[in-house]
J.: 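Quick one: the structure is below, and I'll ask about it shortly.
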Amino acid sequence: MYLKYKKYKEHPDRVYLQVVESIREGNYIRKKTVLSLGRFDNNDAVERVNKLLEALLPVSTNVQPLDYKNDIIPYNTKQIGPLLVFKSLWKKIGLDQTLKNSFDNISTLYDLEQAVFNLVLNRLVAPTSKRRMGHFQNTIYGMTKFDLHQYYRAMDYLIDHKEDIEKNIFEAVKKQHKNKITMALYDTTSLVYYGDDPKDQSELLDHGFSKARRGDLKQVVVGVLMSQEGIPLGHETYAGNSSDVHCFEDIINKAVDKYGIEKLVFIGDRGMISKKNTALLDKMGQEYVLGYRMRTISKNDRPEIFSKINLKKLRNHKLQYKEIEYKGQRLIFYYNEERAILDAEFRERVLERLKEKLKSGKIKSLLENPGYLKYLDDVKGSAPNISDKKVDQDKDFDGVFVLTSNAMLSAPEVVESYRSLWQIEQGFKQLKTELKLGPIYHFTDKRIRGHIFICFLALILRRFLAQYLSTKYKKKASYPDCMDDLKNLNVVEMKVKDEEMHVMTEIKKNAKKLFNCLNLEIPEKILYQSNPEIQFVGPAEPF
């Protein structure tokens, strides 16, 4: 049954409305006019049809009239966008199956893999304490809910199976890179602890060199291994008093033993370099590209090594480089003229502040700042002063970087590989700012490691999603902008008359990009209706 608009030749300016039904008679279908509603080209006709509908609605079983003001009662809003996108990505890169396989022999009354995913999603969307997970899961539409003790147990199981899980994660990441991982970036960071003193409950928490400049607080050290494209490959947690050199040796051994790496170029900054570390890599047959501690080069050798004569230009860059043999090591010297200008300007600003400090007599603050100390003479005396000689020596380092490598790479390739360390620096920034890796409030080693592992898994998802986005849209899509739109994709839970209905808000263009880069279908607008047979109609629009 349907509506039909009818015109007659003798009155072409008139439109009539009919209700018509198709009836099969043998092999033919005949149209039968069930009801003629008269002319439909004026307001009187529209009003007549409206009255007819109002008279028929009370006897309809699946169509009901709707009073927008009184019959629609929205009572809750939940977020849905991040759950859909990150759950799809979680499965796409195989993390769901990795955890299920690792937890296969554990008998629990709840889904361990799903509980871990919830903790990871919390880091990606709105990082909170574990105690706030109950509140967080109530703000996400369709999220499986767990009790607090179940989340804590999931963290414990995660650490119990860390080695096995990370091996599988490494293999999953390799598949995404078509089994070609030839270089690995490595760096460490420290996380301060703000809770009460745990006394003897933790071997990890200890005082050490704080990159957050909080030597008064205990801390832990985290080392992360990444692919050259910035995808996390593995991580380790160390005691707060561990040095970068010690951590480097440990993670190299684990990378070979745990991941079965036969040949890999390890890339690290100058904090990693030591005779012991380079000897270890040479002994293991592993290649490396490391930043060289330039100030360890003797002052007599600097004029020759830092000379800018006969530098070669790096293709597609303003950088210049040269290769040098120094004390049995291969060094690559490269110079960035733009960076040299910035370094000189920065030094002038520091010297201006230093002169003001000296004039005011605030000696103690000078001695606590290494940025000031390197320009001063007589620092142990009562009247330190700026040394012109030390200032001139510092100018030698403007725009200069020195690398050492035993890798079978050309000098330009060594420079390019080292420059990719910005990926790991950005990864630490994202861990600390977006995913709230620190500060730490857990006080047992297992929970500290569990929290760090959860953040590590979140970083894997975050970096993969950004990579997919970049691959599909190049520079036309920003991860933060897309995430803002994704977080605004909500579900409104409402009562419509006596029926329950859940309606998704409109998806914005940047959020659509995330769905598109994962080939993920956007759900229907109405996600749930307690009685889908019932249709609601509002006031008729004027003709």
Side-chain angles (χ1 to χ4, degrees), residues 162-188 221-238 242-294 296-297 321-334 401-424 427 456:
K162 176 180 180 294
E163 299 304 304
D164 183 44
I165 291 169
E166 279 200 324
K167 283 181 190 176
N168 292 326
I169 288 174
F170 183 80
E171 292 302 319
V173 172
K174 273 179 64 178
K175 285 182 182 178
Q176 295 295 318
H177 286 76
K178 299 180 180 178
N179 291 319
K180 292 182 180 178
I181 296 179
T182 58
M183 294 188 178
L185 314 174
Y186 178 73
D187 204 355
T188 63
V221 174
V222 180
V224 173
L225 203 64
M226 279 188 179
S227 70
Q228 197 174 10
E229 294 75 21
I231 302 298
L233 301 174
H235 81 286
E236 298 295 337
T237 306
Y238 303 100
S242 302
S243 67
D244 284 352
V245 172
H246 163 76
C247 299
F248 185 72
E249 179 182 352
D250 180 70
I251 206 159
I252 296 303
N253 284 316
K254 286 186 176 177
V256 174
D257 295 340
K258 187 195 305 188
Y259 306 128
I261 296 172
E262 294 181 1
K263 197 77 170 177
L264 200 63
V265 180
F266 289 95
I267 305 167
D269 67 16
R270 56 195 173 203
M272 308 299 161
I273 191 169
S274 72
K275 288 182 180 180
K276 186 178 178 181
N277 278 348
T278 52
L280 171 72
L281 289 167
D282 286 330
K283 182 180 177 182
M284 296 172 68
Q286 298 295 336
E287 297 182 348
Y288 58 83
V289 173
L290 300 172
Y292 196 83
R293 293 176 180 173
M294 296 182 288
T296 63
I297 298 173
Y321 72 94
K322 66 179 178 181
E323 200 163 336
I324 309 154
E325 187 76 18
Y326 179 69
K327 293 185 177 181
Q329 288 182 292
R330 178 196 183 196
L331 299 187
I332 292 90
F333 169 98
Y334 74 93
F401 295 85
V402 178
L403 310 176
T404 182
S405 176
N406 68 343
M408 298 296 290
L409 300 171
S410 67
E413 288 173 331
V414 169
V415 174
E416 285 292 353
S417 63
Y418 185 77
R419 282 167 59 82
S420 63
L421 271 177
W422 69 270
Q423 292 275 12
I424 204 162
F456 174 77

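Note that these values count all heavy atoms, side chains included, but never hydrogens, waters or copies made by symmetry.
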J.: Side-chain contact, heavy-atom cut-off 4.5 Å: Phe456 with Lys162?
T.: no

J.: Run Asp269 and Asp187 through side-chain contact (heavy atoms from CB on, under 4.5 Å) and show every step you take.
T.: CA-CA 7 Å; Asp269 67 16; Asp187 204 355; 3.6 Å; yes

J.: State the CD1-OG1 distance between Ile251 and Thr188, to the nearest 0.5 angstrom.
T.: 9.5 Å

J.: Name all residues meeting the side-chain contact (heavy atoms from CB on, under 4.5 Å) criterion together with Ser420; count only those two or more places apart in sequence or in a different chain, and write none if there are none.
T.: Leu185, Gln228, Ile267

J.: Under the rule for salt bridge (charged side-chain N to carboxylate O under 4.0 Å, His left out), what residues qualify as partners of Glu323, not counting sequence neighbours?
T.: Arg330

J.: What verdict does the side-chain contact (heavy atoms from CB on, under 4.5 Å) test give for Leu225 and Phe266, after you've listed the backbone C-alpha separation in whole Å, the side-chain angles of each residue and the deciding distance to 0.1 Å?
T.: CA-CA 9 Å; Leu225 203 64; Phe266 289 95; 4.2 Å; yes

J.: How far does CD1 of Ile169 sit from CD of Glu171, to the nearest 0.5 angstrom?
T.: 11.5 Å

J.: Tell me, please, which residues at least two apart from Glu287 pass side-chain contact (heavy atoms from CB on, under 4.5 Å).
T.: Lys263, Val265, Asn406, Ala407, Met408

J.: Let me confirm one number: the CE-CZ distance from Met294 to Phe333, rounded to the nearest 0.5 Å.
T.: 9.0 Å

J.: Can you find a heavy atom in the side chain of Ile297 that is under 4.5 Å from one in the side chain of Tyr292?
T.: yes

J.: What's the spacing between Arg270 CZ and Leu290 CG if we round to 0.5 Å?
T.: 12.5 Å

J.: Give me the atom names and distance for the closest heavy-atom approach of Val221 to Ser242.
T.: CG2-O, 4.1 Å

J.: Taking all non-hydrogen atoms of both residues, which atom of Gly268 and which atom of Tyr418 are closest, and how far apart?
T.: O-CE1, 3.3 Å

J.: State, with a plain yes or no, whether a side-chain heavy atom of Val415 is found less than 4.5 Å away from one of Ile332.
T.: yes

J.: Short question: side chain of Ser405, backbone of Tyr288 - any donor-acceptor pair under 3.5 Å?
T.: yes

J.: Give, for atom CG of Leu403 and atom OH of Tyr321, the distance between the pair rounded to the nearest 0.5 Å.
T.: 13.0 Å

J.: With rounding to the nearest 0.5 Å, note down the distance linking CG in Asn277 to CZ in Phe248.
T.: 5.5 Å

J.: Do you know which of Val414, Leu331, Val289, Ile324 makes side chain to side chain contact (heavy atoms under 4.5 Å, CB included) with Thr404?
T.: Leu331

